[in-house]
Amino acid sequence: MSDSDEDMPLAIRKRQPASTNPSTDDENIENSGSDSDIPLGKRKRPAVRRKVIDDDDDDDASSGSDKATRPAAKRRSYKEESDDSDNSSYGSRSTPKKSNRSTSSLSDGKDDSSDSDVPLAAKKKPVPKPKTNGTPTTNGTTNGSSRVKAAPKYKEESSSDSDTPLAAKSKKPAAKKPTAKVTKVKSEPDTSSSRKPKAAEKSKEKSKGSSSKKRVKDEPEEPARPKKVKKEEEEEDLNAWWLNQDKNEDEDDTVKWTTLQHNGVYFPPEYVPHGVKMKYEGKPITLEPEVEEVASFFAALLYTEHAENPTFQENFFRDFSKLAKRFKTVPAITSFSKCDFTPMYEYFQVEKEKKKNMSKEQKQALKDEKLALDELYGVCYLDGRKEKVGNYRIEPPGLFRGRGKHPKTGCLKLRVQPEQVTLNLSKDAVVPKAPAGHKWAKIVHDDTKTWLATWKENVNDSTKYVFLAAGSSLKGQSDFKKFETARALKKEVAGIRRGYMADLKDKKMFIRQRATAMYLIDRLALRAGNEKGEDEADTVGCCSLRYEHVTLEKPNIMHLDFLGKDSIRFQKSMEVDEQVFKNIRLFKREPAQEGDELFDRLKTAELNKHLQMLMKGLTAKVFRTYNASFTFQDQLQKLTPKDGTTAEKLLAYNRANREVAVLCNHQRAVSKGHAVQMDKITDKIRALKYQKMKLKRTILTLEPKLKKKRPELLEPESDLEDDWIDEHEVQLMLKERERVRLKWEKDNQKRKENKEKPLSEKDLKEMLKEVDVREKELAKERKSGNVPGAKGATVEKCEAQLLKLDERIAATRTAMVDKEENKQTALGTSKINYIDPRISAAWCQKYDVPLEKIFTKTLRDKFKWAMTVDPAWEF
DNA sequence: ATTTCTACTTAGAAAATGGCTG
DNA sequence: CAGCCATTTTCTAAGTAGAAAT
């Protein structure tokens with residue numbers, strides 16, 4: 001790899017903020033001997049220097065106290081690891097604090113191995129071409145907004161629409177000019193060369209921005225909105241930030257907007273009591289609406305996993321009974337087991353049914369209502385441009401549905417009052433009215449934040465926000481930035497890998513742990529693993545892995561088994577680097593025990609700080625993004641059949657996608673119909689085997705001599721039991737009769753049309769008799785084992801058919817495996833969050849696959865910034 | 001230095017929709 | 001043309017990571 005020589009070293013040293021580390025430039029990694037060669041990261045460390053492993057703790061005594069649950073992080077002291085040659089220095093108490101630095105020999109860090117270290121799942125080599133291909137757009141997240149100096153003031157609307165301040169406002173802000181231009185650009189073959197000039201032009205315009213904005217401001221109010229469609233497009237073009245980026249890297253990106261106005265948030269409607277009585281001790285009881293509401297929350301979940309979960313029940317009931325008490329419900333509700341919510345449940349079922357059967361007009365009315373809300377709350381104006389708002393609905397009250405073993409699952413999530421909600425908008429924007437009789441908690445004007453509204457939720461005391469929609473420019477820009485950082489990592493990764501491979505043997509435990517963690521994060525796409533609190537589900541990521549999550553097996557196999565984000569199980573086994581294996585064994589050594597952290601002196605913050613100095617913008621999560629996108633591109637390239645049909649190409653696409661989903665451990669609950677569907681497929685395979693069996697018999701019937709020569713023909717097919725065959729043959733005959741009858745009906749129909757005389761029932765019976773005959777034959781065949789086969793059957797023909805059957809069985813099997821695996825693999829998450837959409841866009845162009853086969857409407861919207869890449873673009 | 005808070009991305013479940021078929 | 005299943009969208013929980021507070 002050419003890059004290994006050149007790029008590699010860069011990775012390590014390049015990053016340095018010039019200020020911090022002057023001397024770092026030496027080239028030779030191999031010369032590790034001299035101090036100066038040590039990669040920056042290391043050099044820097046001394047400042048922060050954590051104690052050398054041995055001297056810092058003697059905590060061992062305490063370690064025993066840890067509860068089986070999550071103990072507070074503890075430090076352990078490490079004994080010498082005897083078999084590890086170079087770590088002799090480790091355990092010994094006297095490690096010299098300062099000197100250690102020199103030791104880390106990069107040289108012995110087997111550089112060779114590091115190259116070969118491909119991301120686990122994807123054993124791909126880095127694509128050779130560093131091709132940054134012209135796309136000039138790449139880095140500069142230009143923040144157009146900050147440039148526009150004059151904050152356009154939006155004029156107040158006439159009082160009449162004051163409650164919908166935004167509506168109909170600044171409809172066509174700035175501009176025809178840019179619109180026209182951009183449109184043109186679009187139609188052009190979008191080559192980098194053509195783009196460049198345009199960008200320049202545009203940015204010029206930007207500086208004039210204020211004047212055009214002004215126009216907006218003065219624009220007479222529009223009459224009622226004429227309804228979009230056309231409009232939409234224009235507006236979108238205006239928002240096409242990706243077309244006019246210039247590479248101004250130092251643009252201040254802390255400021256997110258210059259002006260921001262919106263209509264606030266939508267509160268869920270007040271509770272409307274239904275009056276259905278739940279039962280307590282078998283008797284219907286009357287509840288105040290407030291109490292009834294909460295009972296209904298639970299009733300609606302009856303028979304779901306949540307409602308069956310004891311923790312959920314307990315938490316729900318605590319809150320519920322407390323509320324009932326407050327409202328002096330009689331009789332007092334003191335026992336969950338005496339509650340019977342089924343009447344409510346049934347009522348809801350009926351309601352659901354009713355809803356389904358609503359007339360078209362009713363349904364349409366509902367839709368219109370939604371649309372109206374969308375129009376009011378679903379949009380805002382950011383720097384004068386119309387943007388979609390994401391979750392403008394305040395979360396309705398309900399029961400908290402924590403995932404996994406969340407201690408608080410089932411707790412009552414209270415209704416949010418306007419008094420709890422803070423809005424963020426321009427100083428000069430119209431402050432949306434709070435609901436009648438209410439006021440907002442606060443109004444702020446923080447242009448460094450992207451949220452429009454925020455409030456605190458009562459169950460976990462966490463903060464909720466209203467943000468712009470995924471398709472907005474703000475989100476798009478940060479998405480773009482995310483992938484650019486991942487691409488930057490691509491260039492640096494070889495060096496970074498070499499660096500941590502070398503650090504695996506560092507003397508300082510902390511550094512070893514850090515390197516080992518980096519290895520896992522890079523190779524296994526683990527998450528960082530921040531620390532979690534007591535009142536959250538017990539899940540872990542890399543840095544929070546505990547003793548019991550990792551087991552080692554002889555030569556170099558590591559088994560990981562733990563619950564990750566959302567309590568999704570991560571269970572994989574893989575071969576790991578020898579030194580990693582040793583390190584983990586060391587970390588697991590006494591006095592470590594169940595409950596102890598594997599990386600007992602590593603915190604995500606420290607890890608990220610280190611990463612940050614290896615490469616600007618690098619954090620643990622970037623590895624996931626990088627490995628996902630890289631793997632995807634690599635797989636896609638390998639799997640796509642150049643001359644395949646669209647369907648085949650799509651299959652390849654989905655396979656590549658799945659590869660990534662597996663890498664990232666993205667799972668979903670198995671659908672409830674899954675088992676049934678699998679059974680069907682299994683049956684299909686059995687049916688094929690049955691045919692095989694029959695064919696073999698036919699061969700033997702035709703050529704009995706073969707019994708000796710080819711005994712395998714006599715062997716029964718696997719998984720084909722007599723009982724099954726019985727049933728199968730019954731079914732076959734049933735189907736056959738059905739078929740005959742259908743044919744008869746059809747023929748009759750035809751005859752009727754042709755005015756011929758219809759076939760009689762008798763004819764039908766005649767035809768069915770043939771089936772009876774066949775049935776008898778089958779029975780006979782089973783007894784004797786002699787299967788004459790179809791007329792004209794020959795051994796050769798049968799053999800050929802056998803082969804075909806084998807193929808079909810194999811194909812069905814793969815389909816089954818495919819389905820099985822896909823059943824619990826969620827492709828969406830990686831597509832939405834990890835795979836650079838430009839890879840997909842380029843692929844679609846290159847292979848002539850329509851974009852919409854790959855991205856849904858929302859995804860196309862979200863990724864619109866990526867849709868115009870050059871077909872040759874590479875991640 | 002450590003802990004807590006804040007803001008934003010990532011995540012699977014659930015609800016809604018759509019396309020198909022019996 | 002309802003019913004069914006797969007796909008898409010919505011919802012909000014659960015992460016990450018940097019900043020602020022202690």
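First the proteins, then the strands, lettered A, B, ... as listed; each starts at 1. Because the structure is a prediction, the values reported are computed rather than measured.
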Rounded to whole Å, the CG-P distance (A/Leu366 to B/dA16) equals 10 Å
Taking atom types as modelled, is there a side-chain donor on A/Tyr392 or A/Asp374 under 3.5 Å from an acceptor on the other?
yes
**OP:** Please work out if A/Thr450 contacts a base, only the sugar-phosphate, or nothing of the nucleic acid, heavy-atom cut-off 4.0 Å.
**Re:** sugar-phosphate
When rounded to whole Å, the NZ to C1' distance for the pair A/Lys456 and B/dC5 reads 8 Å
So the contacted stretch of DNA chain C, first to last nucleotide with an atom under 4.0 Å from a non-hydrogen atom of chain A, runs from C/dA6 to C/dG18
Exercise. State whether A/Ser478 places a side-chain N or O below 4.0 Å from either non-bridging phosphate oxygen (OP1 or OP2) of B/dT9.
Key: yes
Could you tell me if A/Glu305 and A/Asn309 have a donor-acceptor pair between their side chains, going purely by distance under 3.5 Å? no
Rounded to whole Å, NZ of A/Lys449 lies from P of B/dT9 at a distance of 14 Å
note: A/Glu606, atom CD; B/dT3, atom P; distance rounded to Å ~ 11 Å
Closest to the 5' end of DNA chain C, once A/Lys413 and A/Ser671 are matched to their nearest nucleotides, is A/Ser671
Short heteroatom pairs, N/O only, protein and nucleotides 10-13 of chain B, under 3.5 Å:
from: B/dT10; atom 1: OP1; to: A/Lys621; atom 2: NZ; distance (Å): 3.3
from: B/dT10; atom 1: OP2; to: A/Lys482; atom 2: NZ; distance (Å): 2.7
from: B/dT10; atom 1: O3'; to: A/Tyr834; atom 2: OH; distance (Å): 3.1
from: B/dT10; atom 1: O2; to: A/Lys565; atom 2: NZ; distance (Å): 2.6
from: B/dA11; atom 1: OP1; to: A/Arg527; atom 2: NE; distance (Å): 3.3
from: B/dA11; atom 1: OP1; to: A/Arg527; atom 2: NH2; distance (Å): 2.7
from: B/dA11; atom 1: OP1; to: A/Arg624; atom 2: NH2; distance (Å): 2.8
from: B/dA11; atom 1: OP1; to: A/Tyr834; atom 2: OH; distance (Å): 2.9
from: B/dA11; atom 1: OP2; to: A/His666; atom 2: NE2; distance (Å): 3.0
from: B/dA11; atom 1: OP2; to: A/Tyr834; atom 2: OH; distance (Å): 3.0
from: B/dA11; atom 1: O4'; to: A/Lys565; atom 2: NZ; distance (Å): 3.4
from: B/dG12; atom 1: OP1; to: A/Gln667; atom 2: N; distance (Å): 3.0
from: B/dG12; atom 1: OP1; to: A/Gln667; atom 2: O; distance (Å): 3.3
from: B/dG12; atom 1: OP2; to: A/Thr829; atom 2: OG1; distance (Å): 2.9
from: B/dG12; atom 1: O5'; to: A/Gln667; atom 2: O; distance (Å): 3.2
from: B/dG12; atom 1: O4'; to: A/Arg403; atom 2: NH1; distance (Å): 3.4
from: B/dG12; atom 1: N2; to: A/Arg403; atom 2: NH2; distance (Å): 3.2
from: B/dG12; atom 1: N3; to: A/Arg403; atom 2: NH2; distance (Å): 3.3
from: B/dA13; atom 1: OP2; to: A/Ala669; atom 2: N; distance (Å): 3.0

Do any side-chain nitrogens or oxygens of A/Lys256 fall under 4.0 Å of OP1 or OP2 in B/dC8?
yes
Going by the angle between their ring planes, with limits at 30° and 60°, are A/His406 and A/Phe400 parallel, tilted or perpendicular? perpendicular
Minimum side-chain heavy-atom gap A/Lys649-A/Lys853 below 4.5 Å: no
The residue, A/Asp461 or A/Thr304, whose nearest nucleotide of DNA chain B is more 5′ is A/Asp461
Whole-Å distance, A/Lys352 NZ to B/dA14 P, equals 11 Å
- Query: At under 4.0 Å between heavy atoms, what does A/Ala620 touch on the DNA or RNA strands: base, sugar-phosphate, or nothing?
  - Reply: sugar-phosphate
Next item on the list: Look at the side chain of A/Arg601 and the backbone N and O of A/Arg514, then say whether any donor-acceptor pair between them is shorter than 3.5 Å.
Entry: no
Between A/Thr631 and A/Glu659, a side-chain donor and acceptor under 3.5 Å = no
If only side-chain N and O atoms count, and only distance matters, is there a donor-acceptor pair under 3.5 Å linking A/Ser840 with A/Tyr653?
yes
- [ ] Assign A/Gly529 to base, sugar-phosphate, or nothing according to its heavy-atom contacts below 4.0 angstrom with the strands shown.
- [x] sugar-phosphate
To the nearest angstrom, the CZ-C1' distance between A/Phe467 and B/dT6 comes to 10 Å
Would you check if there is a donor-acceptor pair between the side chains of A/Ser830 and A/Asn657 at a distance under 3.5 Å? yes
Rounded to whole Å, NZ of A/Lys363 lies from C1' of B/dA15 at a distance of 14 Å
Just checking, any donor-acceptor pair under 3.5 angstrom between side chains of A/Lys532 and A/Thr539?
yes
By the 4.0 Å heavy-atom rule, please label A/Gly673 as base, sugar-phosphate, or nothing. nothing
Whole-Å distance, A/Glu852 CD to B/dG18 P, equals 16 Å
Ring pair (Phe, Tyr, Trp, His ring centres under 6.0 Å) test vs A/Phe480 passes for just one of A/Trp242, A/Trp865, A/Phe863, namely A/Trp865
When A/Leu859 and A/Lys464 are each assigned the nearest nucleotide of DNA chain C, the 5'-most assignment goes to A/Leu859
**Sugar-phosphate, base or nothing in reach of A/Gly828, heavy atoms under 4.0 Å** = nothing
